[in-house]
Amino acid sequence: NITNIKGKENNIQEKNKQKISNYLLTIEEEKLDKNTTKTSLVLSDIYLKEISRYNFEKENEICTSFSEIQKNNDIDTKIIVVGTGISEYPNEEPNTGFIYLIEIDYKNNYSMKKIKEIQTKGGIYKIKALKNCIYASIGNTLFIYKIIKNYESKKLTESYEIKLIKKYSQFTLINDIYLYDYNPNLEENQQIKTNADNNITKSEKKNKIEIEEDEFANKINENDISDNEEENKSKSEENKSKNEEDIHYIIISDLYRSIVLYSYDVNNDKLNEICRDYNLTWVYSISQYKNNLLYISDIDGNIVSLEKNLHPKSDQENFRFERRAYFNLSERINSMVMTSIKNPKLFLLSPDNNSFSIIESENLEENIPEDVNVTYYGTMEGSVGIIISLKKEVYDFLKALECAIIKRVNNFGNFDYDKWRSFKDGFNNKKAVGFVEGNIVEDFLNYDESLKMSIINEMKFPWDKNLSDIVNIIETLAKCH
């Protein structure tokens, strides 16, 4: 388990013009002897240099999952929710566990201390926290807790409570819990826009008399508007915004039932299903990279891009995640984290000469580099990789280059590449869709010039194919990681 934490900028580093505001929190396990394991929570900088650590005191206590929550009104501390499990004997399912609140104090050398703990029946497998809510899984049950903060004015101290609010046991076995940053208003806005367009179309058919009557009525109505209406409108928007903040969206991965998106109403303690992926998939990890798009990885080594339809034409489309892209990595991904990086250059199409070009961000009007969505992943086999979200024009170009390389270069072992990377679910294989393998594309830089020209000539692509331009494009893409 690895989490990226946004922390307070270090003043010492500011003097060197190296502002470090991101930190990594990781779990470290040490085998003391055959039957004893020591677990620690380690805070390090982005270069993996250790800053501080918290050692769990109980024997054979394994930290299984953790999640960051923001402490209100205090930018100098951060609270981490941690779930653990304890087994009486090695390699057995934990029969008990704990939920901890651990505070990271930036002012005190980033030290970590425990501020609250509660015991659970069974070990915590996954845990996530959003504002004052904790979502934790034990076996087939989802537990929802609330964090209650108490302030003692006499002692000028704070204390915390963790209270169980609700539990749901309709699952088979919860593999993962994911906090989904979902904005349903995008669907509503699209609907409003559609209705408005229809209204405009209808109004164009009105005759001159109807238009004049409408204008006269509007003038009367404008004079009748009171100051209270604007105030009521402001209050209504404020209440709507507050209600939206009290709705949490979570995704549950349930053994071979793939994933289900739920909304949880904090005020009414209700969990409602919004949509699901109906494919029989054992999902290992989840990562969102746009409002309605996310990646999942499964037991068969597949990476799948799922889409929640924002403009469904039927109830069936509204309650279903659709598969848009898939690719077999041949390794099982057990952790994915999405972040954004500043791309030093922008990939753009020039409509004049139908050629592919790179434009420096310094030449742009606002002089702001483009944000690129990047998903880092780790596999059970021990490798680390990266998935970059590309514009369609860039993807089409790189896909054409990848296909040309595969056709012209004899791979070691002489195997069928398409079959190797095809989506596998235990029943049938489907050719990979929507993914380009960066390792193959970047190998283009290592080939001799004759082979490079042979690959370029093989590319079935309408744009101009200049060798120096293609090399520049691939080198720029490689800089993203």
Side-chain angles (χ1 to χ4, degrees), residues 1-3 5 24-33 35-43 52-71 77-105 110-150 157-169 171 173-179 250 252-253 264 334-335:
N1 196 334
I2 187 167
T3 297
I5 297 177
L24 294 174
L25 195 62
T26 56
I27 299 169
E28 182 179 286
E29 293 182 12
E30 181 184 356
K31 201 80 173 177
L32 300 180
D33 54 49
N35 298 321
T36 308
T37 303
K38 176 185 175 183
T39 308
S40 302
L41 204 59
V42 181
L43 181 70
S52 66
R53 69 169 53 218
Y54 176 83
N55 297 318
F56 293 92
E57 302 169 353
K58 300 176 180 64
E59 187 176 343
N60 289 332
E61 183 173 25
I62 303 298
C63 177
T64 55
S65 183
F66 57 82
S67 178
E68 170 197 358
I69 58 174
Q70 182 68 47
K71 185 175 180 181
T77 59
K78 197 171 290 291
I79 295 178
I80 308 297
V81 178
V82 181
T84 68
I86 302 176
S87 302
E88 291 185 6
Y89 303 100
N91 303 322
E92 283 193 359
E93 286 293 320
N95 52 11
T96 187
F98 286 85
I99 295 177
Y100 295 96
L101 297 183
I102 296 179
E103 183 182 71
I104 303 176
D105 189 349
Y110 300 90
S111 62
M112 290 188 280
K113 67 176 181 179
K114 177 179 66 180
I115 57 177
K116 183 64 181 178
E117 72 173 62
I118 62 167
Q119 190 170 2
T120 58
K121 294 181 179 179
I124 303 294
Y125 187 70
K126 291 291 182 180
I127 197 166
K128 287 291 186 292
L130 180 59
K131 295 187 178 178
N132 65 331
C133 288
I134 298 174
Y135 302 92
S137 68
I138 301 176
N140 69 337
T141 305
L142 174 69
F143 293 84
I144 301 177
Y145 299 86
K146 279 190 178 178
I147 302 172
I148 302 171
K149 183 171 69 172
N150 302 312
T157 57
E158 294 175 343
S159 61
Y160 292 85
E161 295 179 28
I162 302 176
K163 182 180 179 182
L164 177 63
I165 301 298
K166 208 89 171 180
K167 62 179 181 178
Y168 297 89
S169 302
F171 307 98
L173 179 65
I174 298 176
N175 294 323
D176 199 5
I177 303 173
Y178 187 83
L179 298 178
I250 60 173
I252 302 294
S253 165
Y264 177 65
N334 59 356
S335 183

[X] versus [Y]: any side-chain heavy-atom pair under 4.5 Å?
X: Ile69; Y: Ile147; result: yes
X: Tyr145; Y: Thr120; result: yes
X: Ile27; Y: Leu41; result: yes
X: Lys121; Y: Ile138; result: no
X: Tyr135; Y: Ile174; result: no

Please list, chain by chain and in numerical order, all residues satisfying salt bridge (charged side-chain N to carboxylate O under 4.0 Å, His left out) with Glu117, sequence neighbours excluded.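 Expected list: Lys58, Lys114.
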When rounded to the nearest 0.5 angstrom, what is the spacing between [atom1] in [X] and [atom2] in [Y]?
X: Leu179; Y: Ser67; atom1: CG; atom2: OG; value: 6.0 Å
X: Leu43; Y: Ile80; atom1: CG; atom2: CD1; value: 8.5 Å
X: Ile127; Y: Ile99; atom1: CD1; atom2: CD1; value: 4.5 Å
X: Lys128; Y: Asp176; atom1: NZ; atom2: CG; value: 5.5 Å
X: Ile177; Y: Ile250; atom1: CD1; atom2: CD1; value: 6.5 Å
X: Thr37; Y: Glu59; atom1: OG1; atom2: CD; value: 9.5 Å

Going by side chain to side chain donor-acceptor pair (under 3.5 Å), name the residues that satisfy it together with [X], two or more places apart in sequence or in a different chain.
X: Ser111; answer: Asn108
X: Gln119; answer: Thr96
X: Ser40; answer: Arg53, Asn55
X: Asn334; answer: none

Any chance the side chains of Glu61 and Thr84 put a donor and an acceptor closer than 3.5 Å?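 Glu61 vs Thr84: donor-acceptor pair found between side chains.
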List the steps, then state whether side-chain contact (heavy atoms from CB on, under 4.5 Å) holds for Tyr264 with Leu130. CA-CA 11 Å; Tyr264 177 65; Leu130 180 59; over 6 Å; no
May I have the step-by-step check of side-chain contact (heavy atoms from CB on, under 4.5 Å) for Leu25 and Met112, ending in yes or no? CA-CA 11 Å; Leu25 195 62; Met112 290 188 280; 4.2 Å; yes
My understanding is that only residues two or more places apart in sequence, or in another chain, count here; which of them pass ring pair (Phe, Tyr, Trp, His ring centres under 6.0 Å) with Tyr54? Phe56
Sequence-distant partners of [X], side chain to side chain contact (heavy atoms under 4.5 Å, CB included), two or more places apart:
X: Glu93; answer: none
X: Lys167; answer: Thr141, Phe143
X: Leu173; answer: Asn175, Leu255
X: Ile115; answer: Ile79, Leu101, Glu103, Lys113, Tyr160

Closest approach of [X] to [Y] (non-hydrogen atoms, all atoms of both residues):
X: Val82; Y: Cys63; result: CG1-SG, 3.4 Å
X: Ile118; Y: Lys116; result: CG2-CE, 4.4 Å
X: Ile144; Y: Tyr168; result: CD1-CE1, 3.7 Å

Is the number of heavy atoms from other residues, nucleotides or ligands under 6.0 Å of Lys146 NZ greater than 12?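 Atom NZ in Lys146 is packed in, count exceeds 12.
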Is a side-chain donor or acceptor of Thr64 paired with a backbone partner of Gly85 at a separation under 3.5 angstrom?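 Pair absent, no side-chain N/O of Thr64 close to backbone of Gly85.
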